[in-house]
Trainee: 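My questions will all concern the structure given below.
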Amino acid sequence: MTSRSDAEDDETPAYAMGYVCVDLVKTAHRLHLPMREIARRLGYVYLGLTRSSSLIVPEALLDHVTSHRIELLIVPDLGHLRGRIPPEVAEITDIHDLATRFTYERGGGYAPDGGAQNPLGSDPPAGR
């Protein structure tokens with residue numbers, strides 16, 4: 001029989017990861033600490049900043065987020081990524097935009113009452 005404390009020890013922590021596009025890699029060193037702080041403040045385990053050029057392939061980013069169970073993707077400017085990464089990313093992970101200091105939550109348990117709006121879709125959420 002498994003005790004409650006043993007079951008809690010088996011829980012997987014919520015992971016966060018930073019992501020930058022290849023044209024922003026030169027400034028990535030300035031983004032690492034703010035991304036780490038956002039993850040800590042929101043209660044995530046920060047796995048680091050992804051800046052590999054192999055992740056520019058949209059399917060690779062989707063696979064990376066899924067395989068590492070990323071719950072929060074932290075990006076420097078969501079407006080810059082719109083159209084460059086697939087909108088499906090916002091369906092599998094929350095996204096925090098450092099430029100606006102806003103976290104877009106995917107659909108599910110904590111989504112807004114009106115339903116989650118995809119920040120990577122062709123029509124960005126109003127007021128963001």
Side-chain angles (χ1 to χ4, degrees):
M1 181 173 185
T2 304
S3 71
R4 191 175 208 313
S5 62
D6 289 340
E8 289 173 355
D9 290 340
D10 291 338
E11 287 185 24
T12 303
Y15 294 119
M17 174 182 84
Y19 176 76
V20 294
C21 257
V22 71
D23 57 341
L24 295 177
V25 170
K26 292 178 182 177
T27 62
H29 67 281
R30 288 184 279 158
L31 300 171
H32 183 65
L33 289 176
M35 288 179 171
R36 180 185 299 180
E37 176 58 26
I38 290 294
R40 185 196 61 75
R41 184 172 55 83
L42 296 176
Y44 292 87
V45 174
Y46 184 66
L47 296 181
L49 177 61
T50 299
R51 53 188 170 208
S52 171
S53 60
S54 66
L55 284 182
I56 299 308
V57 177
E59 295 78 19
L61 178 59
L62 284 169
D63 182 55
H64 193 73
V65 167
T66 302
S67 66
H68 292 286
R69 298 185 313 265
I70 303 299
E71 297 282 331
L72 178 68
L73 187 65
I74 305 167
V75 299
D77 185 352
L78 193 59
H80 177 76
L81 295 179
R82 195 171 289 113
R84 296 175 189 242
I85 62 174
E88 293 83 9
V89 170
E91 296 170 6
I92 60 174
T93 187
D94 297 339
I95 300 176
H96 182 84
D97 185 351
L98 286 176
T100 63
R101 298 180 180 174
F102 187 79
T103 302
Y104 296 90
E105 296 180 0
R106 64 189 178 274
Y110 296 107
D113 289 338
Q117 292 183 337
N118 191 329
L120 296 172
S122 57
D123 295 326
R128 303 278 179 234

Trainee: So, taking the atom named CG in Leu47 and the one named CE in Met35, what distance separates them when rounded to the nearest 0.5 Å?
Mentor: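 It comes to 13.0 Å.
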Trainee: Any donor-acceptor pair under 3.5 Å linking the side chain of Arg69 with the backbone of Tyr15?
Mentor: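 The answer is no, because no donor-acceptor pair under 3.5 Å joins these two groups.
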Trainee: Please name the pair of heavy atoms, one in Ile70 and one in His64, separated by the smallest distance, quoted to 0.1 Å.
Mentor: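 Between these two residues, the closest heavy atoms are CG1-O, 4.4 Å.
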Trainee: Sorted by first residue and then second, give each salt bridge (Lys or Arg N to Asp or Glu O under 4.0 Å) pair with at least one member in residues 31-42; sequence neighbours left out.
Mentor: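 Matches after skipping sequence neighbours: Glu37-Arg40.
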Trainee: Grab the two heavy atoms, one from Gly18 and one from Leu49, that are nearest each other, plus how far apart they are.
Mentor: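 Scanning both residues, the minimum pair turns out to be C-CD1, 3.5 Å.
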Trainee: Quick check: closest heavy atoms across Ala16 and Ile74, and the distance to 0.1 Å?
Mentor: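 Nearest heavy atoms, Ala16 then Ile74: CB-CD1, 4.3 Å.
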Trainee: Would a 4.5 Å heavy-atom cut-off, applied to side chains only, mark Tyr19 and Ile85 as touching?
Mentor: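 They are in side-chain contact.
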Trainee: ring-ring contact (aromatic ring centres under 6.0 Å, His included) with Tyr46: which residues, sequence neighbours excluded?
Mentor: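 ring-ring contact (aromatic ring centres under 6.0 Å, His included) check on Tyr46 returns His32.
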Trainee: For a quick test of reading the model, state the closest non-hydrogen atom pair linking Thr103 to His96 and the distance between them.
Mentor: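 That would be OG1-ND1, 2.6 Å.
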Trainee: Tell me, please, which residues at least two apart from Thr66 pass side chain to side chain donor-acceptor pair (under 3.5 Å).
Mentor: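 In terms of side chain to side chain donor-acceptor pair (under 3.5 Å), with neighbours along the sequence ignored, Thr66 is linked to no residue.
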Trainee: With a 4.5 Å limit on heavy-atom distance, are the side chains of Leu120 and Ile95 in contact?
Mentor: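 A side-chain contact exists here, since the closest heavy-atom pair is under 4.5 Å.
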Trainee: According to the salt bridge (Lys or Arg N to Asp or Glu O under 4.0 Å) rule, which pairs have a member within residues 88-104, sequence neighbours left out?
Mentor: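 Listed once each, the pairs are Asp94-Arg106.
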Trainee: Less than 4.5 Å apart, any side-chain heavy atom of Tyr104 and any of Leu78?
Mentor: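 Result yes, sub-4.5 Å side-chain heavy-atom pair found.
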Trainee: I need the minimum non-hydrogen distance between Thr93 and Leu73, along with the two atoms involved.
Mentor: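 Smallest interatomic distance, heavy atoms only, reads OG1-N, 3.7 Å.
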